[in-house]
Structure formats: C-alpha cells, structure tokens
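Heads up: the structure comes next, in structure tokens.
Throughout, protein chains are lettered first and strands after them, A, B, ... in sequence-line order, and every chain is numbered starting at 1.
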Number of protein chains: 2
Amino acid sequence: MAKNYNLSASLEDYLEAILNLSSESSFARSKDIAKSLGVSRSSVTGAMHVLKEKGLANYKPYDYVTLTESGRSAAAEIARKHKILKSFFIDVLGVEGDVAQKAACKAEHELGPEIITKLLRFIEFVTQSSKNGFDLADEFQKFCKSSKQHV
Amino acid sequence: MAKNYNLSASLEDYLEAILNLSSESSFARSKDIAKSLGVSRSSVTGAMHVLKEKGLANYKPYDYVTLTESGRSAAAEIARKHKILKSFFIDVLGVEGDVAQKAACKAEHELGPEIITKLLRFIEFVTQSSKNGFDLADEFQKFCKSSKQHV
DNA sequence: TAATATAGTTAGCCTTCCCTAACTTTGCAA
DNA sequence: TTGCAAAGTTAGGGAAGGCTAACTATATTA
C-alpha cells in the first residue's frame, strides 16, 4: 500500500520526472529534471532537499538523483494514476497530449482522493463499455461534431 | 463574452461566494464571506482589495460588498461552470455534495480551459445520453456495484 | 595541466494565500 | 449618550513554490 507522504502536486511532479528520467536514461540529472518540468535548476535543488527529507530520494549534492524504495513505489503509483487520467483526457475528451499531461499532474491534488478514485473507476467503466459495444469516446466525438460549440 | 481577469482559484471562490450571498440575503458581509469559504475575516479583507483593484467588486471599508457589472458576469460564469462540474461529480461519479463543491471550485484552474471546455461538453453529452436510452450514470453505478474496488 | 564551459548550489527576493493578534469602527442597548 | 460587543481592518508573519544572480564544483579541451 502506498503511504501518505503528504506530497504537494509540485513534489509529485518532481517524483514522476525522476522516475521517467531514470527509466529513460538510467539516471536523473538536476538540469534534466528542470527541463522536463520547465522550472529553474535552483528550484530542483530545493525540491530535492525536500524529497530527501521525506526519504523519497537519494540526494547528494553534485550527484545524480535516484529514488529510494519508497520513492519508487510512490512515483509508480503517481505515474499510474496520471497515465489513466491522461488517457481519459486524450482519448475521451480529445485534448492534446501536453495539455492532458499537465492536467493529469494537477488533477489529483486539486480534485481530492474521493473524486480521483471515482474518476479512475469511471474511466475503467468507459473503457469496458467501448469493448461491449457502446464506444463512449466515439459517441462523444460524434456528439461534439454534431452540436455547435457554445461553452 | 466573459473577459479574462486572470483570476486565481481563490479569487474565483470569493467572487462566487459574494454572488451567492448577495442572492441569498441581498448583501454580502465580510464575516459571512469568511464563514462560507472557511477563511479568516482578514483574508477576506485582503481578497476584497484585489477584487476592487480588478474592478470586480465595489469595496469600501466597513461597508457591504457588492459586485460590479463585470464582477457579476464573471461570477455568474464561474458559478455556471461550477454547477455543471458539481453535478457531474455528484450525479455521475456519485460523490458527496461538499466534496463535489470543493472539487468544482478547484477544477477549472488546475485542469485548464481546454479540459474544462471539453469536460463541460462531455457532461452535456452524458446528460443527453441519459435522455436517449443509455443512462450512463446509472450504468456506472451498476458497474461500481458489480466490480470490486481495487483503485 | 590550465582555462573555460557546464552543472549544481546558495542567497536573496517575489507572489499568493493564509493566519493570529491587536486595533478601529460601527451599531445596539442600557 | 455612553459603553460594550460585534464586525472589519491592519500589521506582521509563515509556508510553498518559483525566480535571478552569483558562486562553487566538475568536466572537457586545448
């Protein structure tokens, strides 16, 4: 079970970025974390101090950043949820990938656990439905085309 | 058309609270705004200064707060979106009213305009579907009951 | 190996939003 | 009309999160 580390949306982003970079190139450099999140290098340094304090990252000045065991599992859980949300935003709502990515990162915090839990199940449901003859994403696309925008 | 006043989630909450209080009791007092948002009275004072600066509220120390014409239309637009989102959270996802309310307030900012626009249309679509034989909310409820929780 | 470029850190500052404590204003009641 | 309670404001501060500029460490290259 993932513990509650009281992570802010921002810290989750850092965690996920480290996970992604680690899997891509097997190490995460401060500068690359900064680039992937669009923040300054100094902001990364600050965040690494916090993640180290929380026991989620192995941080040593002037060294690559790695995740601790806890950090890895927390990051994986975050990434899992983000992936599902992102797919809903892209495949059902039909927004662009980067927009979906950003929204997925923010969603959990701002919407809160209850909504996210339900929303994840809802997405699961929608996915199931498509397989059972009612392709919701598809129907929604049609709906969008047929009705004029007025929102 | 509603202009972009660069309102933070927090300022939108204040705006909406003023609108609601005004319609309920025809005037908005600092203390009631504070109570309805769960913040201190001094926080309200601060927010009122900002809303006045942006031309959205008529603020005079020691007087009731009212909305300007712009403030009223901005607040109405915010309230409209919140209402739709809230209904999705409650009627489709099945969460509690207060949880839904909070999430609706946060959603727009954190998710961004594209997602919200699409999401509002999606909710509209879901509503339409229910009328046309496929009651999505209902189906989802059944789905929730039939499948075990594992999120 | 020395010089320079790149990466990382630190210091100091800003913004937003909130808080408490203390003060001022207003309004009601004796 | 005075006098107190309630409402509102101000002052001061804190937590998050970000930034730039300047400094330090590391790495590359001539």
Exercise. Just checking, is any N or O donor in the side chain of B:Thr68 or B:Asn58 under 3.5 Å from an acceptor N or O on the other one?
Worked result: no

Exercise. Between atom NZ in B:Lys60 and atom P in C:dT24, what is the gap in whole Å?
Worked result: 22 Å

Exercise. Hey, are B:His82 and B:Glu16 close enough side-chain-wise for a donor-acceptor pair under 3.5 Å?
Worked result: yes

Exercise. What integer distance in Å separates A:Arg41:CZ from D:dA22:P?
Worked result: 14 Å

For this session: Could you check whether A:Ser40 gets within reach of a base, just the sugar-phosphate, or nothing at all, counting any heavy atom under 4.0 Å?
Result: base

Exercise. Between C:dC19 and B:Ser43, is there an OP1 or OP2 to side-chain N/O distance shorter than 4.0 Å?
Worked result: yes

Exercise. What is the distance from OH of B:Tyr62 to P of D:dA6, rounded to the nearest Å?
Worked result: 17 Å

Exercise. Can a side chain N or O of A:Tyr59 be found less than 4.0 Å away from OP1 or OP2 on C:dT9?
Worked result: yes

Problem set entry | Contact under 4.0 Å: A:His49 side-chain N or O vs C:dT10 OP1/OP2 | yes

Problem set entry | Nearest-angstrom distance from the residue atom CD1 of B:Ile33 to P of C:dC17 | 16 Å

Exercise. With sugar-phosphate meaning primed atoms plus P, OP1 and OP2, does A:Tyr14 contact a base, only sugar-phosphate, or nothing at under 4.0 Å between heavy atoms?
Worked result: sugar-phosphate

Seminar exercise, completed: Whichever of B:Gly46 and A:Val39 has the more 5' nearest nucleotide on DNA chain D, that residue is B:Gly46

For this session: Starting at atom CG of A:Asp63, determine the distance to atom P of D:dT26, rounded to an integer number of angstrom.
Result: 10 Å

Exercise. Cut-off 3.5 Å, side chains only: do B:Ser42 and B:Thr45 have a donor facing an acceptor?
Worked result: no

Exercise. Does B:Phe88 have its ring centroid less than 6.0 Å away from the ring centroid of A:Phe122?
Worked result: yes

For this session: Send over the distance from B:Phe27 CZ to C:dG27 P, rounded to a whole Å.
Result: 12 Å

Exercise. Starting at OH of B:Tyr64 and ending at P of D:dA6, how long is that distance when rounded to a whole Å?
Worked result: 16 Å

Exercise. B:Ser42 near the nucleic acid: base, sugar-phosphate alone, or nothing, with a heavy-atom cut-off under 4.0 Å?
Worked result: base

